[in-house]
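Chain letters run A, B, ... following the sequence lines, proteins first, then strands; residues in each count from 1.
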There are 2 protein chains.
Amino acid sequence: MAKSTPDAELARVLLEMCCVVEGIRGTVSRDLELTPQQSQLLTAVAERELTHGELATRLHCDKTNVTGLVDRLERRDLVRRRPDPNDRRVARVHPTDRGEELVARFRDAVTAAIETRLASWPSDLRLRFAELAQTATGALRS
Amino acid sequence: MAKSTPDAELARVLLEMCCVVEGIRGTVSRDLELTPQQSQLLTAVAERELTHGELATRLHCDKTNVTGLVDRLERRDLVRRRPDPNDRRVARVHPTDRGEELVARFRDAVTAAIETRLASWPSDLRLRFAELAQTATGALRS
DNA sequence: ATCGATAGTCTGTATCATCGACTAAACAGT
DNA sequence: ACTGTTTAGTCGATGATACAGACTATCGAT
């Protein structure tokens, strides 16, 4: 496992970090009786209402998949479909009060988990890391 | 969406970065006709042979799930189960030649995708980011 | 009014993920 | 040796995720 090139090493590290964050997200989701996909959808629509198509893009999945995801969350009264008055084809998904509350708990739990694990880091390092990660995320999205 | 605290903001960024990396991993996996889970399992056993239990831990899933994952990859001649001579209960999973080759292609494609997207970054910044992410990953795992 | 594009749904199929029950093997204490 | 316990992996059943293809309804532009 030689670090062939710096960029290959960066790729490896990012995949590994992704895996670790997935672990945290999975544990927290399970505690809230959500699947990881459900918590992802919920946090996405918590920022602003999204259409099925936008959700498909955001979650990197097919729109036919989004139908089922929203169905299951709607059945649990966590999100609602709001028909767009201007375009009767589109359905905008937004969280209910219960959904918002669950998102808040989700965020808090993830924050607490990360806080605990990075407790030994000085706060300026955490800040620097967050900034760098933010910039990288923006660049990686394009 | 006020950034309530720096740590909440860090949590948000990490979840977002995780989502973006999942997108890259998903696209690359699909090009190689793998599911994301399959590419994760393959890259895991490419480093060293792992038992089903170790894989379950690594992939954050149940051991009963690993059976099916390994079954499907074995059917495609990408991994093999090797019985442990010292403990006849355990099966160690290792990649075949085809599997190793696929892992190499997977890593290369992810590296290329990241390289492209971070092309505008100076190489020392990429290195600094990789180091920071590596350290963070180690801390987050515990 | 018609045509093409778009948004979402439905059906069918494969994979992922877990639970509970089970088998086989290793291990501990008597 | 002989139990009882633990551990590793499998099996069956069930629900969730993911996608392809076909479909409906609607919008937009001719």
Side-chain angles (χ1 to χ4, degrees), chain A residues 19 22-23 25-45 49-76 78-94, chain B residues 18-19 22-45 49-76 78-94:
Chain A
C19 180
E22 282 171 344
R25 190 181 61 192
T27 305
V28 171
S29 299
R30 159 164 289 234
D31 286 347
L32 300 175
E33 294 181 306
L34 293 172
T35 65
Q37 291 82 358
Q38 290 174 337
S39 55
Q40 260 191 298
L41 195 154
L42 266 181
T43 57
V45 299
E49 242 182 18
L50 293 173
T51 68
H52 283 210
E54 289 168 334
L55 278 169
T57 303
R58 186 78 78 99
L59 306 180
H60 310 295
C61 71
D62 198 88
K63 61 179 175 165
T64 65
N65 195 15
V66 174
T67 300
L69 286 170
V70 173
D71 279 348
R72 284 183 287 273
L73 286 173
E74 201 169 29
R75 228 178 285 140
R76 288 174 58 183
L78 295 173
V79 303
R80 206 61 59 76
R81 284 172 168 92
R82 178 169 11 234
D84 186 326
N86 295 11
D87 186 341
R88 281 186 298 171
R89 289 172 301 178
V90 332
R92 296 184 186 282
V93 182
H94 65 101
Chain B
C18 177
C19 179
E22 282 171 344
I24 296 174
R25 191 181 59 194
T27 305
V28 171
S29 299
R30 160 164 289 235
D31 286 347
L32 300 176
E33 293 182 305
L34 293 172
T35 65
Q37 290 82 358
Q38 290 174 335
S39 56
Q40 262 192 297
L41 194 155
L42 266 180
T43 57
V45 299
E49 243 181 17
L50 293 173
T51 69
H52 282 210
E54 289 168 335
L55 277 169
T57 304
R58 184 78 78 100
L59 305 179
H60 311 296
C61 72
D62 198 88
K63 61 179 175 165
T64 64
N65 195 14
V66 174
T67 300
L69 287 171
V70 173
D71 279 349
R72 284 183 286 274
L73 286 173
E74 201 169 28
R75 225 178 287 140
R76 288 173 58 183
L78 295 173
V79 303
R80 205 62 59 76
R81 283 172 168 94
R82 179 171 7 236
D84 185 325
N86 294 11
D87 187 340
R88 280 186 298 169
R89 288 172 304 178
V90 332
R92 297 185 185 281
V93 182
H94 65 100

Nearest-Å distance for atom pair [atom1]/[atom2], residues [X] and [N]:
X       : N      : atom1 : atom2 : answer
B:Leu69 : D:dT17 : CG    : P     : 17 Å
A:Glu33 : D:dG15 : CD    : P     : 16 Å
A:Gln40 : D:dT17 : CD    : C1'   : 12 Å
A:Gln38 : D:dG15 : CD    : P     : 14 Å
B:Arg30 : D:dA20 : CZ    : C1'   : 9 Å
A:Asn65 : D:dG15 : CG    : P     : 18 Å
A:Arg76 : D:dG15 : CZ    : P     : 15 Å

Could you check whether any side-chain N or O of [X] sits under 3.5 Å from a backbone N or O of [Y], counting only pairs where one atom can act as donor and the other as acceptor?
X       : Y       : result
A:Gln38 : A:Leu73 : no
B:His52 : B:Val93 : no
B:Glu74 : B:Arg81 : yes

Exercise. Can you give the first and last nucleotides of DNA chain C, 5' to 3', that have an atom under 4.0 Å from a heavy atom of chain B?
Worked result: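 Under 4.0 Å from chain B, the extent on DNA chain C is C:dT15 to C:dA26.
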Exercise. Base, sugar-phosphate, or nothing: which does B:Thr35 touch, judged by heavy atoms less than 4.0 Å apart?
Worked result: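 Touches sugar-phosphate only.
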For this session: Using a heavy-atom cut-off of under 4.0 Å over every strand shown, decide if B:Arg81 touches base, sugar-phosphate, or nothing.
Result: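 The answer is sugar-phosphate, as B:Arg81 gets under 4.0 Å only of primed atoms, P, OP1 or OP2.
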Exercise. Does a side-chain N-to-carboxylate-O contact under 4.0 Å join A:Arg92 and A:Asp87?
Worked result: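 Not counted as a salt bridge, because no side-chain N and carboxylate O are separated by less than 4.0 Å.
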Ignoring hydrogens, what is the shortest heavy-atom contact between [X] and [Y]? Give both atom names and the distance.
X       : Y       : result
A:Leu32 : A:Arg76 : O-NH2, 4.3 Å
A:Cys19 : B:His60 : O-NE2, 3.0 Å
B:Pro36 : B:Gly26 : CG-CA, 4.4 Å
B:Leu50 : B:Ala44 : CD1-O, 3.8 Å
A:Gln40 : B:Glu22 : NE2-OE1, 3.7 Å

Exercise. Looking at residues 51-63 of chain B, who's got a heavy atom less than 4.0 Å off DNA chain D?
Worked result: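 Listed by number, they are B:Thr51, B:His52, B:Gly53, B:Lys63.
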Problem set entry | Residues from residues 83-90 of chain B lying under 4.0 Å of DNA chain D - heavy atoms |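 Within this stretch, B:Arg89, B:Val90 sit under 4.0 Å of the strand.
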Problem set entry | Passing option when A:Leu41 is tested against A:Thr35, A:Leu34, A:Leu59, A:Leu78 for side chain to side chain contact (heavy atoms under 4.5 Å, CB included) |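 Among the candidates, only A:Leu59 passes.
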Exercise. Measuring from A:Arg89:CZ to A:Thr51:OG1, what's the distance to the nearest 0.5 Å?
Worked result: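 Rounded to the nearest 0.5 Å, the CZ-OG1 separation comes out at 11.0 Å.
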